[in-house]
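So the structure is just underneath, and the comments pick up after that.
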Number of protein chains: 2
Amino acid sequence: MESAIPASLLAVLDRLDTMSEPERQALAGLPWRQQSFQDGAEIIPEGHRPTESCVLLRGFTANVRYLANGDRQLTAIHVPGDFFDLHGLFLKVLDHGVVALTECQVALVKHEHLKRVTADHPHLGAVFAASIAREGALQRTWIVCMGRKDPVRRIAHLVCEMYRRLERAGGARDFQFEFPVTQAEIADLAGLSVVHTNRALQELRATGLMSWQGAEIRISNWPSLVAFAGFDETYLGLRLEEQ
Amino acid sequence: MESAIPASLLAVLDRLDTMSEPERQALAGLPWRQQSFQDGAEIIPEGHRPTESCVLLRGFTANVRYLANGDRQLTAIHVPGDFFDLHGLFLKVLDHGVVALTECQVALVKHEHLKRVTADHPHLGAVFAASIAREGALQRTWIVCMGRKDPVRRIAHLVCEMYRRLERAGGARDFQFEFPVTQAEIADLAGLSVVHTNRALQELRATGLMSWQGAEIRISNWPSLVAFAGFDETYLGLRLEEQ
DNA sequence: CGTTCTTTTGATCACACTCAAAAACGGTGG
DNA sequence: CCACCGTTTTTGAGTGTGATCAAAAGAACG
């Protein structure tokens, strides 16, 4: 148990609906514990029966599913402020694991406390549901990218999405941001081989719309990159229906 | 406004958690209207601001996203009993459309009534959230299929999933079921061309594990088909965490 | 019985994978 | 500070899968 969850880190929930001051305080006052994970660590194993849900404080994590042949597929990337494990509150067993893509810090809140806070503030239950629904919208978007976009556009779309999400979380501005993720991880997200991910990345750089050196991404022509990727960001801004 | 929504059609919600008799009755007693759609009809347009949510009574529908170049990607298929539009209750704007894959019937319930019923029976709010979370699990599974499974296994996986889901909804038994969907629609779901979908389907039939003639699917060797597809059905059975 | 939609076949081409290895990078310790 | 190590990125070459284009065969429907 530590001090309050930094207010800025509930930015994502905050975007989903206007919360009242008591609700905000109830969230910020939730008892929680903090845990650090190193790069590559398994934060939650696949098939786990969670008793806590997690807010990402620092770093990058991803949902992961492993296949029998050893392949793996990342199904989502989380940025600081994401309540990435919230659906665990409603499902007995998690259908995916969560892995640390970088060194990172996580705040863990017991389900019993989350249940209490939604009982005290029923509207927060709707905010949680909206958060889960929003994650669904992100996943649908990724299905579209996987099914109908070529690898270069797929990665371009990822860059657009990460920029907007990080911008909200305070981790990006002026069209540049740190994204310390390996090409092998991009490959596991995009459903590509590492080699082809590398070549797609080179092709994307060659467009001149953005650069990606080491962990540093710079978008030099946002409108063109958006058009190239076919990035329609409305799915990110989905807000809770007004009451 | 008609008679009660057939109890069997809330099978999916029912599976997510044990509902009390009053809760069940509150659901079954919701005011609703019924609407029929013909094959190919747009049930909900992309970007719609829904004021109702839908239970599929008969037929098959799918979530759809259209791309600028005219391509489209189906991101989910719904079977009778699915409350397929429930996340619309929590999001202002829908990030996808819903299209009828066959002639079908839909029950529409006004959001105001759903809000009332969750206010009267707070536990139902959790059941709704679980339903949305389960849809997320289905989408994650499809991302894995798109990213890391070849077309033949992808379709095999679809068949396995459809069988299990229809079985629950009462639309499949003895390893056979009606699935009156065109190969072009399978292609839009699997992210393939129509031609290759056809060849993949032939290859799948050639395994002898199943047949697919017209709308009739027969699975002749369930365990082998499951193994071949890498189908792990735990993601379907996800239930609401016990209170 | 023609019209339309759907499934199927054939042929060619481009894209993405695989295998293999080199280069670049980052961190560690001598 | 440099040598060494493991990881990550990059290059090259060959192969196979899935897309595209075009058209025929088959079903469904009025």
Side-chain angles (χ1 to χ4, degrees), chain A residues 38-41 60 62 67 69-74 99-103 145-156 158-159 178-207 210-217, chain B residues 38-41 60 67 69-74 99-103 145-159 178-207 210-217:
Chain A
Q38 39 177 240
D39 188 1
F60 292 95
L67 283 83
N69 67 0
D71 279 0
R72 68 176 198 175
Q73 174 71 42
L74 304 183
V99 66
L101 299 182
T102 65
E103 193 192 2
C145 288
M146 302 272 283
R148 294 295 182 209
K149 288 185 180 166
D150 65 63
V152 184
R153 278 163 236 271
R154 224 177 282 179
I155 296 173
L158 171 70
V159 170
E178 295 284 315
F179 196 49
V181 160
T182 68
Q183 292 182 12
E185 288 162 335
I186 302 294
D188 283 338
L189 180 71
L192 301 169
S193 68
V194 182
V195 171
H196 197 67
T197 300
N198 178 268
R199 297 199 224 262
L201 216 37
Q202 289 178 53
E203 207 178 313
L204 184 54
R205 288 194 203 106
T207 64
M210 50 160 287
S211 68
W212 187 335
Q213 292 163 23
E216 179 78 16
I217 295 182
Chain B
Q38 38 177 239
D39 188 0
F60 292 94
L67 282 82
N69 66 359
D71 279 0
R72 68 175 198 174
Q73 174 71 42
L74 304 183
V99 66
L101 299 183
T102 65
E103 192 191 2
C145 288
M146 303 272 282
R148 293 295 183 210
K149 288 184 180 167
D150 64 64
V152 184
R153 279 163 234 272
R154 225 177 281 178
I155 296 173
H157 194 284
L158 171 70
V159 170
E178 294 284 316
F179 195 50
V181 160
T182 68
Q183 292 180 14
E185 288 161 335
I186 303 294
D188 283 339
L189 180 71
L192 301 170
S193 68
V194 183
V195 171
H196 197 69
T197 300
N198 178 268
R199 297 200 224 263
L201 217 36
Q202 291 179 51
E203 206 179 314
L204 183 53
R205 290 194 202 105
T207 64
M210 51 161 286
S211 69
W212 187 336
Q213 292 163 23
E216 179 77 16
I217 295 182

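We use all heavy atoms of the structure for the numbers below, so side chains are in, but hydrogens, waters and symmetry mates are not. Throughout, protein chains are lettered first and strands after them, A, B, ... in sequence-line order, and every chain is numbered starting at 1.
Evaluation of the side chain to side chain contact (heavy atoms under 4.5 Å, CB included) rule for Glu203(B) yields Val152(B) as partners, not counting sequence neighbours. Ala190(A) pairs by the side chain to side chain contact (heavy atoms under 4.5 Å, CB included) definition with Trp142(A), Arg154(A), Leu192(A), not counting sequence neighbours. The side chain to side chain contact (heavy atoms under 4.5 Å, CB included) test applied to Glu103(A) returns no partner, not counting sequence neighbours. Residues that satisfy the side chain to side chain contact (heavy atoms under 4.5 Å, CB included) test with Gln202(A), not counting sequence neighbours, are Asn198(A), Arg205(A).
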Report task. Take Ile217(B) and Glu178(B), measure what side chain to side chain contact (heavy atoms under 4.5 Å, CB included) needs, and give me the verdict at the end. Result -> CA-CA 6 Å; Ile217(B) 295 182; Glu178(B) 294 284 316; over 6 Å; no
**Report entry** Verdict with reasoning, Thr197(B) to Ile155(B), per side chain to side chain contact (heavy atoms under 4.5 Å, CB included)
**Finding:** CA-CA 9 Å; Thr197(B) 300; Ile155(B) 296 173; 4.2 Å; yes
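At a threshold of 4.0 angstrom between heavy atoms, the contacts of Arg205(B) are confined to the sugar-phosphate backbone, with no base atom among them. Counting non-hydrogen atoms under 4.0 angstrom, Thr182(B) reaches the backbone sugars and phosphates but no base.
Protein atom CD of Glu203(B) is 12 Å distant from nucleotide atom C1' of dG18(D), rounded to whole Å. One interatomic measurement links the two molecules: CZ of Arg148(B) to P of dA16(C), which rounds to 14 Å at whole-angstrom precision. Remark: P of dG26(C) and CD of Gln213(A) are 12 Å apart, rounded to the nearest angstrom. Straight-line distance from the CZ atom of Arg153(B) to the C1' atom of dG18(D): 16 Å, rounded to whole Å. In this structure, the CH2 atom of Trp212(A) is 15 Å from the C1' atom of dT10(D), given to the nearest Å. Whole-Å rounding puts the Ile186(B) CD1 to dT8(C) P distance at 12 Å. The interatomic distance linking Gln183(B) (CD) with dT9(C) (C1') rounds to 13 Å, in whole Å. Put simply, CD1 on Ile155(B) is 10 Å from P on dG18(D), counting in whole angstrom units.
Between Val159(B) and Phe179(B), the closest side-chain pair of non-hydrogen atoms is not below 4.5 Å. Contact check for Leu204(A) versus Met210(A): side-chain heavy atoms found under the 4.5 Å cut-off. Between Leu67(A) and Arg72(A) the shortest side-chain heavy-atom distance does not fall below 4.5 Å.
Axis angle between the ends of the helix from dC1(C)-dG30(D) to dG30(C)-dC1(D), five pairs each and rounded to 10 degrees, works out to 40°.
Taking the side chain of Leu192(B) as heavy atoms from C-beta on, and the options dA19(D), dT9(D), dT8(C), the nearest nucleotide is dA19(D).
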**Report entry** Nucleic acid footprint by protein, nucleotides 11-17 of chain D - heavy-atom cut-off 4.0 Å, B for base, S for sugar-phosphate alone
**Finding:** BBB----
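Both Gly191(B) and Asp39(A) lie near DNA chain D, and the one whose nearest nucleotide falls closer to the 5' end is Asp39(A).
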